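Just below is one structure, and these are the notes that go with it.
Computed from a prediction, not measured in an experiment: that's the story for all the values here. Protein chains get the first letters and strands the later ones, always in sequence-line order, with residue 1 at the start of each.
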Amino acid sequence: MSETVTETGPRYDFRAAEPRWQTAWAERGCFHVPDLPADSRPKYYVLEMFPYPSGKIHMGHVRNYTLGDVVARYKRARGYSVLHPMGWDAFGLPAENAARERGIHPAKWTWENIATMRAELQRMGLSLDWHRELATCDPAYYGHQQKLFLDFLRAGLAERKESWVNWDPVDGTVLANEQVIDGRGWRSGALVEKKQLSQWFLRITQYAPDLLSALDRLDRWPERVRLMQEKWIGRSEGARLRFALTQPRSDIADVEVYTTRPDTLYGMSVLALAPEHPLAAAVAARDPKAAAFVAECRRMGTSEAVIEAAEKQGHDTGLRVRHPFLDQTFPVWIANFVLMEYGTGAIFGCPAHDQRDLDFARKYGLRVVPVVLPPGADPAHYTVADEAYVGPGTIFNSGFMDALDVEAAKRRAIEELERLGIGRGEVNWRLRDWGVSRQRYWGCPIPVIHCADCGVVPVPDQHLPVTLPEDVNFDRPGNPLDHHPTWKHVTCPRCGKPAQRETDTFDTFVDSSWYFARFCSPHANQPVARQPVDHWMPVDQYIGGIEHAILHLLYSRFFMRAMKATGHVAIEEPFAGLFTQGMVTHESYRTAPGPNGTWLYPDQVAKQPDGTVTHRGTGDPVTVGRVEAMSKSRRNTVDPEAIIARYGADTARWFILSDNPPERDMEWTEAGVAGAYRFTQRVFRLAEGLDGSAPGAMPESFGDDSRGLR
RNA sequence: GCCGGUGUGGCGGAAUGGUAGACGCGGCGGACUCAAAAUCCGCUUGUGGUGACACAGUGGAGGUUCGAGUCCUCUCACCGGUACCA
């Protein structure tokens with residue numbers, strides 16, 4: 001990495017050419033387009049996912065913005081009027097972490113990062129319209145977001161309800177899933193608990209059917225993204241039914257269950273409740289052992305990945321329910337793998353035909369009765385051992401459903417439940433409403449006021465934006481907005497009595513769910529100006545990482561629909577074309593194998609002629625690890641600034657484009673960059689060999705010297 | 001756990017079910033040069049063989065087929081997501 005690139009002879013001097021052209025583009029406003037173009041060229045809107053200002057540009061950004069820039073320049077060359085803007089996804093947790101760890105104000109930290117990264121992007125030679133730059137932490141942006149929220153609230157698209165958060169009992173703080181490590185708070189080390197809070201939700205589930213069916217029309221989206229969204233929305237057909245308790249309590253007489261397999265009701269062994277289920281809470285109130293089990297489940301936090309991967313555990317409540325068809329009763333358990341958020345928070349377990357139920361039944365010695373006979377199996381001898389049978393077959397051991405196939409039996413079971421008046425067929429969705437409340441400072445304030453007499457009162461439009469106070473400190477845990485001496489104390493806009501501001505801020509996914517629309521009229525004094533947004537939207541080509549396949553893209557699709565419903569836009573789908581790029585990877589290096597070795601940056605190691613790798617400082621041998629996504633923790637990062645300084649932006653961009661198909665992961669290698677550098681030189685020499693008018697010829701207004709491109 | 005994806009030479013990657021590795025990068029050898037750079041030519045999956053060639057080979061195990069990188073079943077590894085990282 002240290003050897004300098006030296007050559008004699010004719011040579012493309014990128015150090016002179018790149019800044020000169022970049023300056024010329026900026027001075028001429030080459031990439032600026034008006035909000036409402038007067039010319040008749042067709043429009044093209046190309047957008048890359050805007051960056052979080054974490055400090056410096058990384059190679060993933062270089063890849064993302066290079067890909068978009070190629071599209072933008074191509075479309076411009078093809079005669080389109082191209083909108084290609086850039087901005088900053090500027091609210092978020094890392095700024096607060098910096099504040100707590102280093103005493104830097106989140107705003108200062110964020111704006112300084114933006115300044116650094118803007119300069120880095122500009123050195124990449126991207127054809128961006130910088131007149132449209134926006135940052136989500138700017139009141140000039142988030143004030144309009146508050147207006148959108150209030151419109152959604154008036155339209156019935158926002159509501160308050162209870163939900164569970166990760167609670168650090170020592171720090172007295174809500175934790176993000178990322179901040180829960182092995183069930184403990186990452187700072188305090190305290191065992192995390194689930195805690196219930198009243199929070200704001202956006203009613204994305206209202207649009208579940210539409211968000212699902214419209215996927216078919218997104219024909220310029222990758223199939224795998226549409227598939228992932230389809231599964232995430234998760235439409236299922238089944239039955240909702242009530243199981244009567246054998247000993248009804250004064251307040252609870254039965255338990256509602258949602259199932260996609262009413263055909264297997266005769267194979268039931270247990271009714272299992274989520275630990276957060278009201279009946280589980282009622283049992284726990286009187287039974288210390290049940291309470292202990294529920295408390296144990298609460299220590300798992302809210303992450304589905306953690307809950308579902310945990311060992312299945314249950315607690316027998318001692319209660320029993322009557323079977324809807326059989327004259328039998330079954331035990332009611334509390335089980336750690338039943339999710340309160342899906343269905344009704346209670347399931348009936350049929351171990352023979354569901355693997356999780358089978359694992360649970362084997363662990364606790366519950367009965368396993370097969371009721372679906374696989375084709376060709378012998379009903380007299382068929383049993384289920386360690387593997388649940390989930391395939392098609394013929395129903396048996398099931399009274400009135402015997403001899404039906406699975407699908408017919410589902411219909412028959414639902415008929416019977418309806419006839420008995422204890423259930424009905426129901427379409428269920430996996431998609432949940434979008435909880436947007438965060439107990440954090442560095443986010444957009446939720447513009448409502450809580451009044452003891454009037455309840456929740458929206459902040460009047462003329463009082464927007466509700467801005468964050470700047471004089472906050474992070475020397476104690478919790479939300480600084482809540483601790484602030486004066487900020488939250490206001491008078492009720494409705495009755496004039498003392499009241500309190502909402503101190504929660506929005507999930508940062510809200511900020512990124514409409515920025516693409518704001519780009520069309522970034523200086524408008526309303527969220528979006530209709531004519532520009534109608535002209536430019538939808539985004540013709542959106543480009544970003546596959547990690548956003550579900551949340552960001554689904555929330556944005558919802559937001560467009562909500563903005564249409566509230567009269568802000570005319571369309572429903574924000575992104576007509578989507579491209580998901582692969583990651584940038586690199587070898588990793590350690591001073592020794594395994595966890596004893598410290599990670600080394602690529603420029604700390606030297607490759608020897610014999611193929612071994614050594615530490616540049618000490619000369620000690622270095623262990624070469626796997627090729628992995630670049631990350632700070634593994635130190636396998638290459639700083640784009642260093643590459644651009646040494647080889648030029650065109651080399652970096654050429655390498656990143658030429659190495660492999662853009663949807664795949666690419667490995668960043670020194671040899672590859674060197675090859676790309678040689679290639680740019682070869683192109684220059686080739687062009688130079690043509691007649692003098694070709695490569696370096698510049699427009700008259702730039703023809704100030706004979707160096708540069710020549 | 002669940003959902004989605006990936007897996008072919010040293011590397012990026014090609015291959016309507018029909019000669020696996022096109023093309024490129026890198027590497028090696030040669031030409032040119034005082035020398036280098038640049039350019040050009042040749043070789044470059046592995047093993048064995050001077051060679052013609054033989055055998056093996058597309059993460060792994062089975063299967064379908066005259067024939068499988070490609071189709072089917074199972075399986076392994078890795079990556080992304082899993083609703084409060086962005």
Side-chain angles (χ1 to χ4, degrees), chain A residues 5-11 49-54 60 89-95 97 163-167 173-180 186 197 199 201 204 222-234 301-312 336-337 339 341-342 355-356 359 430-440 443 504-509 511-512 544-555 580 582-583 585 611 626-629 655 658-661 663-667 669-676 678-679 681-682 684-686 689:
Chain A
V5 176
T6 52
E7 278 171 47
T8 57
R11 173 180 167 201
M49 292 178 184
F50 66 164
Y52 178 77
S54 56
D89 187 14
F91 276 136
L93 211 41
N97 292 338
S163 75
W164 297 87
V165 295
N166 297 310
W167 180 253
T173 304
V174 176
L175 297 175
N177 284 334
E178 183 186 60
Q179 298 172 318
V180 179
W186 69 345
L197 295 180
Q199 313 216 68
F201 282 79
I204 189 173
E223 179 62 24
R224 60 177 167 158
V225 175
R226 289 187 287 164
L227 247 184
M228 279 190 266
Q229 292 213 351
E230 179 188 326
K231 305 279 184 183
W232 183 264
I233 296 166
T302 61
S303 157
E304 190 198 306
V306 171
I307 293 168
E308 291 270 7
E311 191 191 346
K312 284 153 196 58
N336 65 351
F337 60 89
L339 302 175
E341 290 82 10
Y342 184 77
Q355 192 60 45
R356 284 193 318 186
D359 295 343
R430 208 186 76 94
L431 184 66
R432 308 201 295 259
D433 276 334
W434 176 13
V436 294
S437 294
R438 298 291 181 271
Q439 295 69 44
R440 305 245 169 76
D504 285 354
T505 50
F506 282 121
D507 176 10
T508 56
F509 274 124
D511 311 338
S512 56
I546 187 71
E547 69 272 18
H548 292 297
I550 296 174
L551 294 181
H552 164 59
L553 291 168
L554 192 60
Y555 290 149
T580 55
M583 290 181 305
T585 64
R626 292 213 330 251
V627 174
E628 298 181 83
F655 174 48
S658 65
D659 190 57
N660 70 347
E663 69 276 11
R664 297 267 206 112
D665 289 353
M666 73 164 289
E667 186 187 351
T669 61
E670 192 61 23
V673 188
R678 282 195 290 275
F679 183 83
Q681 298 294 336
R682 203 177 301 163
F684 177 72
R685 275 190 302 270
L686 177 69

Roughly how many Å is it from CD in A:Glu178 to P in B:rU82, rounded to a whole number?
10 Å
Measuring only the C1' atom in each nucleotide, how far is B:rA15 from B:rC85? A whole number of Å is fine.
41 Å
Tell me what A:Gln355 touches on the nucleic acid: a base, only sugar-phosphate, or nothing, going by heavy atoms under 4.0 Å.
nothing
Which part of the nucleic acid does A:Leu431 contact within heavy-atom distance under 4.0 Å: base, sugar-phosphate only, or nothing?
base
State, with a plain yes or no, whether a side-chain heavy atom of A:Val180 is found less than 4.5 Å away from one of A:Val306.
no
Say we look at B:rC43 and B:rG49: how far apart would their P atoms be, to the nearest angstrom?
23 Å
Strictly below 4.0 Å: does A:Asn177 bring a side-chain N or O up to OP1 or OP2 of B:rA83?
yes
What stem regions, each of at least 3 consecutive Watson-Crick or G-U pairs below 3.5 Å, can be found for RNA chain B?
B:1-7 with B:76-82, B:10-12 with B:23-25, B:26-31 with B:39-44, B:45-48 with B:53-56, B:59-63 with B:71-75
Do A:Trp167 and A:Leu175 come close enough that some side-chain heavy atom pair is under 4.5 Å?
no
A:Val225 near the nucleic acid: base, sugar-phosphate alone, or nothing, with a heavy-atom cut-off under 4.0 Å?
nothing
Return the value, rounded to whole Å, for the distance between atom CE of A:Met228 and atom C1' of B:rU6.
12 Å
Could you tell me whether the phosphate oxygens of B:rU82, OP1 or OP2, come under 4.0 Å of any side-chain nitrogen or oxygen in A:Ser303?
no
Need one value for A:Ser437: base, sugar-phosphate or nothing, where a base atom within 4.0 Å counts as base even if backbone is also close, heavy atoms only.
base
Donor-acceptor check, side chain of A:Gln229 to backbone of A:Ala549, threshold 3.5 angstrom: yes or no?
yes
Categorize A:Arg430 for me: base, sugar-phosphate, or nothing, with a 4.0 angstrom heavy-atom threshold over every strand shown.
base
Determine the contact category for A:Arg440: base if any of its heavy atoms lies under 4.0 Å from a base atom, sugar-phosphate if only primed atoms, P, OP1 or OP2 are that close, otherwise nothing.
base
Contact class for A:Pro661 (heavy atom, under 4.0 Å): base, sugar-phosphate, or nothing?
sugar-phosphate
For A:Met583, does its backbone N or O pair with a side-chain atom of A:Asp665 as donor and acceptor, under 3.5 Å?
yes
Scan A:Ala549 against the nucleic acid and name what it touches under 4.0 Å (heavy atoms): base, sugar-phosphate only, or nothing.
nothing
Separation between the C1' atoms of B:rA56 and B:rG21, rounded to whole Å:
15 Å
For a quick check of understanding: with a heavy-atom distance under 4.0 Å over all strands, which category does A:Val165 fall into, base, sugar-phosphate or nothing?
base
What does A:Phe509 touch in the nucleic acid at a heavy-atom separation under 4.0 angstrom: a base, only the sugar-phosphate, or nothing?
base
P atoms of B:rG10 and B:rA22, separation to the nearest Å
14 Å
Side chain to side chain, A:Thr173 and A:Gln179, heavy atoms closer than 4.5 Å:
no
Under 4.0 Å, heavy atoms only, any strand: does A:Trp232 hit a base, just the sugar-phosphate, or nothing?
base
Taking side chain as C-beta onward, heavy atoms only, is A:Trp186 less than 4.5 Å from A:Asn97?
yes
Value in whole Å for how far the C1' atom of B:rU82 lies from CD of A:Glu230:
17 Å
Using the P atoms only, state how far B:rG80 lies from B:rG26, rounded to an integer number of Å.
30 Å
Under a 4.5 Å cut-off applied to non-hydrogen side-chain atoms, are A:Met666 and A:Phe655 in contact?
yes
Atom NE2 of A:His548 and atom P of B:rA83: how far apart are they, to the nearest Å?
15 Å
A:Arg664, nearest nucleotide to its side chain (from B:rC84, B:rA14, B:rC85):
B:rA14
Euclidean distance, atom CD of residue A:Glu308 to atom C1' of B:rG1 [Å, nearest integer]
6 Å
For B:rA77 versus B:rC71, give the span between their P atoms, rounded off to a whole number of Å.
23 Å
Taking the side chain of A:Tyr52 as heavy atoms from C-beta outward, which of B:rC84, B:rA86, B:rG80 is closest to it?
B:rA86
By nearest nucleotide on RNA chain B, pick out whichever of A:Leu227 and A:Asp433 is the more 5' one.
A:Leu227
Between B:rC72 and B:rA83, how far is it from one P atom to the other, in whole Å?
32 Å
How far does the C1' atom of B:rG9 sit from the matching atom of B:rC23, given to the nearest Å?
14 Å
Salt bridge (charged side-chain N to carboxylate O under 4.0 Å, His left out) against A:Asp89, all qualifying residues, sequence neighbours excluded
none
Judged by atom type as modelled, is there a donor-acceptor pair below 3.5 Å linking the side chain of A:Arg430 to the main-chain atoms of A:Trp232?
yes
Within the modelled atom types, does a donor on one side and an acceptor on the other bring the side chain of A:Gln179 and the base of B:rC84 under 3.5 Å apart?
no
Should the side chain of A:Glu304 and the base of B:rG1 be counted as holding a donor-acceptor pair, with the cut-off at 3.5 Å?
yes
Provide, to the nearest angstrom, the distance between the CZ atom belonging to A:Arg432 and the P atom belonging to B:rC84.
8 Å
Report which part of the nucleic acid A:Met49 touches: base, sugar-phosphate, or nothing (heavy-atom distance under 4.0 Å, all strands).
nothing
Residue A:Ala305, side-chain atoms from C-beta onward, closest of B:rG1, B:rC85, B:rG80
B:rG1
Nucleotide of B:rG13, B:rC84, B:rA86 approaching A:Asn166 most closely (side-chain heavy atoms)
B:rC84
As a test of the definition: with a 90° window around 0 for syn, would you call B:rG9 syn or anti?
syn
Just checking A:Arg224: base, sugar-phosphate only, or nothing, at a heavy-atom cut-off of under 4.0 Å?
sugar-phosphate
Taking any heavy-atom pair under 4.0 Å as a contact, classify A:Glu311: base, sugar-phosphate, or nothing.
nothing
Closest-nucleotide mapping onto RNA chain B: is A:Phe50 or A:Ala309 further toward the 5' terminus? I mean the 5' end.
A:Ala309
Starting at atom CD1 of A:Ile550, determine the distance to atom P of B:rG5, rounded to an integer number of angstrom.
12 Å
Side chains of A:Thr508 and A:Arg438: does their closest heavy-atom pair fall under 4.5 Å?
no
Who pairs with A:Asn177 by side chain to side chain donor-acceptor pair (under 3.5 Å), at least two apart in sequence or on another chain?
A:Asn166, A:Thr302
Between atom CG in A:Asp511 and atom P in B:rC85, what is the gap in whole Å?
14 Å
